[in-house]
Undergrad: 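Sharing a structure with you now.
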Amino acid sequence: MPIVSPSLLSADFGHLAQDIEMLNHSEADWYHLDVMDGVFVPNISFGFPVMQAMAKHARKPLDVHLMIERPEKFVEQVKALGAHVMNVHYEACPHLHRVVQQIKNAGMLAGVTLNPHTPVSVLEDIIDDLDLVMLMSVNPGFGGQKFIEHCLEKTARLRELIDRRHAKALIEIDGGVNVTTGAQLVKAGADVLVAGSAVFSAKDPAAEIHALKQL
């Protein structure tokens, strides 16, 4: 049974507290918060004031995904939110090991995210230090994109790497996840499914989350 982490990027920002309350009462495990800076990715989402407001209403762990340059500058602010997971991009961290240790020292799970074009082989020398690896199955920066099929093979390769090294990292997938692609991803070895549009565009979001939990 996968961990389901609905992405609040797809929520109704005019009724954000209402959507979070729906998640509080659903089978969702985590809340996925996508932070975009308009530099590392071409869009801007929300910053710490909005996330602080979200955290006041959230009753489940926060899964914070920083799609930004210099994410190491914000470790303490992410921790102050009460975040469970802090995800940073491999492509944004020239000193990745240092950043991972900062996150772990702050008491959070350390996640590293790979863009669609980045091979899982780049993690060979750090996989043992990671709590989570997130694969982008769309190009980061916008919600509602089509799932990149190559991510299925990539998920299987990451599972092989983790198992071969006896590492503990969970595999999280973000982008184009729904019941159909989610089933394929779980079969390929995914542990955590991030679903945005599939949940918040559904007639019954809680039922959609339930369906994802059954995969």
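Basis for what follows: all heavy atoms, side chains included, without hydrogens, waters or symmetry-related copies.
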Undergrad: Do the side chains of Leu96 and Val88 get nearer than 4.5 Å, heavy atoms only?
TA: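 Sidechains of Leu96 and Val88: in contact.
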Undergrad: Can you find a pair of side-chain heavy atoms, one from Asn178 and one from Phe147, that are under 4.5 Å apart?
TA: no
Undergrad: What is the distance from atom NE2 of His89 to atom CD of Glu69, rounded to the nearest 0.5 Å?
TA: 10.5 Å
Undergrad: For a side chain to side chain contact (heavy atoms under 4.5 Å, CB included) check, start with the C-alpha distance between Val120 and Val133, then their side-chain angles and the critical distance, and finish with the verdict.
TA: CA-CA 9 Å; Val120 298; Val133 176; over 6 Å; no
Undergrad: Verify whether one side chain among His32 and Asp34 offers a donor that lies under 3.5 Å from an acceptor in the other.
TA: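 Side-chain D/A pair, His32 to Asp34: present.
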Undergrad: Less than 4.5 Å apart, any side-chain heavy atom of Asp191 and any of Ile171?
TA: yes
Undergrad: Which heavy-atom pair separates Met22 from Pro205 by the least distance, and what is that distance?
TA: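 Minimum heavy-atom separation between Met22 and Pro205: CE-CB, 3.6 Å.
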Undergrad: Locate the shortest heavy-atom distance separating Pro6 from Trp30; write the atom from each residue and the value.
TA: CD-O, 3.2 Å
Undergrad: From Ile162 CD1 over to Leu158 CG, what is the distance, rounded to the nearest 0.5 angstrom?
TA: 4.0 Å
Undergrad: If you count heavy atoms of other groups shown closer than 6.0 angstrom to NE2 of His15, is the number above 12?
TA: no
Undergrad: Return the minimal non-hydrogen interatomic distance between Ile68 and Asp37, and the atom names on each side.
TA: CA-OD2, 3.1 Å
Undergrad: Kindly compute the distance separating CZ (Arg159) from NZ (Lys154), expressed to the nearest 0.5 Å.
TA: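 With rounding to 0.5 Å, CZ (Arg159) is 15.5 Å from NZ (Lys154).
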Undergrad: Do Asn24 side-chain atoms and His57 backbone N/O form a donor-acceptor pair below 3.5 Å?
TA: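 A pair under 3.5 Å: yes.
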Undergrad: Test side chain to side chain contact (heavy atoms under 4.5 Å, CB included) on Val138 and Lys146 and set out the steps.
TA: CA-CA 7 Å; Val138 299; Lys146 184 179 178 181; over 6 Å; no
Undergrad: Shortest non-hydrogen contact from Gly182 to Leu215?
TA: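 Smallest heavy-atom distance, with atoms named: C-CD1, 3.5 Å.
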Undergrad: Taking the side chain as every heavy atom from C-beta outward, state whether Leu170 and Val192 have any pair of such atoms under 4.5 Å apart.
TA: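 They are in contact (side-chain heavy atoms under 4.5 Å apart), so the answer is yes.
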Undergrad: Would Leu33 and Phe48 show up in the same hydrophobic cluster when neighbours are defined by side-chain heavy atoms closer than 4.5 Å?
TA: yes
Undergrad: Under 4.0 Å between a Lys/Arg side-chain N and an Asp/Glu carboxylate O for Arg164 and Glu124?
TA: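 Yes, Arg164 and Glu124 are salt-bridged.
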Undergrad: Give the intermediate values and the outcome of side chain to side chain contact (heavy atoms under 4.5 Å, CB included) for residues Phe40 and Leu66.
TA: CA-CA 10 Å; Phe40 180 68; Leu66 298 184; over 6 Å; no
Undergrad: Should we count CG of Asp204 as having more than 12 external heavy atoms under 6.0 Å?
TA: yes
Undergrad: Rounded to the nearest 0.5 Å, what separation is found between the CE atom of Met108 and the NE2 atom of His84?
TA: 11.5 Å
Undergrad: Keeping Thr181 on the side-chain end and Gly176 on the backbone end, is there a donor-acceptor pair under 3.5 Å?
TA: yes
Undergrad: The criterion is side-chain contact (heavy atoms from CB on, under 4.5 Å); which residues satisfy it with Thr118, sequence neighbours excluded?
TA: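 Here the qualifying residues are Tyr90, Glu91, Leu114, Asn115, Val122.
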Undergrad: Are Val50 and Val41 joined in one hydrophobic group, where the rule is that I, L, V, M, F, W and Y side chains link up if heavy atoms are under 4.5 Å apart?
TA: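 Yes: a chain of side-chain contacts under 4.5 Å links Val50 to Val41.
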Undergrad: Please give me the minimum heavy-atom distance between Asp19 and Ala11, naming the atom from each residue.
TA: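 The answer is OD2-CB, 3.4 Å.
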Undergrad: Would you say the side-chain atoms of Ser137 pair up with the backbone N or O of Asp174, donor to acceptor, closer than 3.5 Å?
TA: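 At least one qualifying donor-acceptor pair exists.
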Undergrad: Which of these, Asn87, Val85, Ile173, Val112, sits in a side chain to side chain contact (heavy atoms under 4.5 Å, CB included) with Met134?
TA: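 Result for side chain to side chain contact (heavy atoms under 4.5 Å, CB included) with Met134: Asn87.
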Undergrad: Salt-bridged, Arg59 to Glu21, with N to O below 4.0 Å?
TA: yes
Undergrad: Kindly compute the distance separating CG (Leu81) from CE (Met86), expressed to the nearest 0.5 Å.
TA: 10.0 Å
Undergrad: Decide yes or no for Val194 and His65: does some side-chain heavy atom of the first lie under 4.5 Å from some side-chain heavy atom of the second?
TA: no
Undergrad: Looking at Arg98, I want to see if its CZ is surrounded by more than 12 non-hydrogen atoms of other residues, nucleotides or ligands under 6.0 Å.
TA: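 No.
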Undergrad: Check salt bridge (charged side-chain N to carboxylate O under 4.0 Å, His left out) between Arg70 and all other residues, then give those that pass, not counting sequence neighbours.
TA: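 Applying salt bridge (charged side-chain N to carboxylate O under 4.0 Å, His left out) to Arg70 gives Glu72.
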Undergrad: Find out whether Phe74 and Val64 are in side-chain contact, i.e. whether some heavy atom of one side chain is under 4.5 Å from a heavy atom of the other.
TA: no
Undergrad: From Arg157 CZ over to Leu135 CG, what is the distance, rounded to the nearest 0.5 angstrom?
TA: 9.0 Å
Undergrad: With the side chain counted from C-beta on, respond yes when Ile20 and Met54 share a heavy-atom pair under 4.5 Å apart, and no when they do not.
TA: yes
Undergrad: Is the shortest heavy-atom distance from the side chain of Leu23 to the side chain of Leu8 under 4.5 Å?
TA: yes
Undergrad: Set out, in order, the CA-CA distance, both residues' side-chain angles and the distance that settles side chain to side chain contact (heavy atoms under 4.5 Å, CB included) for Asp29 and Lys213, then state yes or no.
TA: CA-CA 9 Å; Asp29 299 285; Lys213 285 293 295 179; 2.9 Å; yes
Undergrad: Are the side chain of Thr155 and the backbone of Gly189 linked by a donor-acceptor contact shorter than 3.5 Å?
TA: no
Undergrad: May I ask whether Val199 and Met1 are part of the same hydrophobic cluster, defined by side-chain heavy atoms of I, L, V, M, F, W, Y residues being less than 4.5 angstrom apart, directly or through others?
TA: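 Val199 does not cluster with Met1.
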Undergrad: For the residue pair Asn105 / Gln102, report whether a side-chain donor-acceptor contact shorter than 3.5 Å exists.
TA: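 No, no side-chain donor-acceptor contact under 3.5 Å.
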Undergrad: Taking all atoms of both residues into account, what is the closest heavy-atom pair of Ile209 and Ala28, and its distance?
TA: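 What the structure gives for the nearest pair is CG2-N, 3.4 Å.
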Undergrad: Tell me whether Lys104 contacts the main-chain N or O of Asp129 through its side chain, where contact means a donor paired with an acceptor under 3.5 Å.
TA: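 A pair under 3.5 Å: yes.
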Undergrad: Transitively linked via ILVMFWY side-chain contacts under 4.5 Å: Phe46 with Ile44?
TA: no
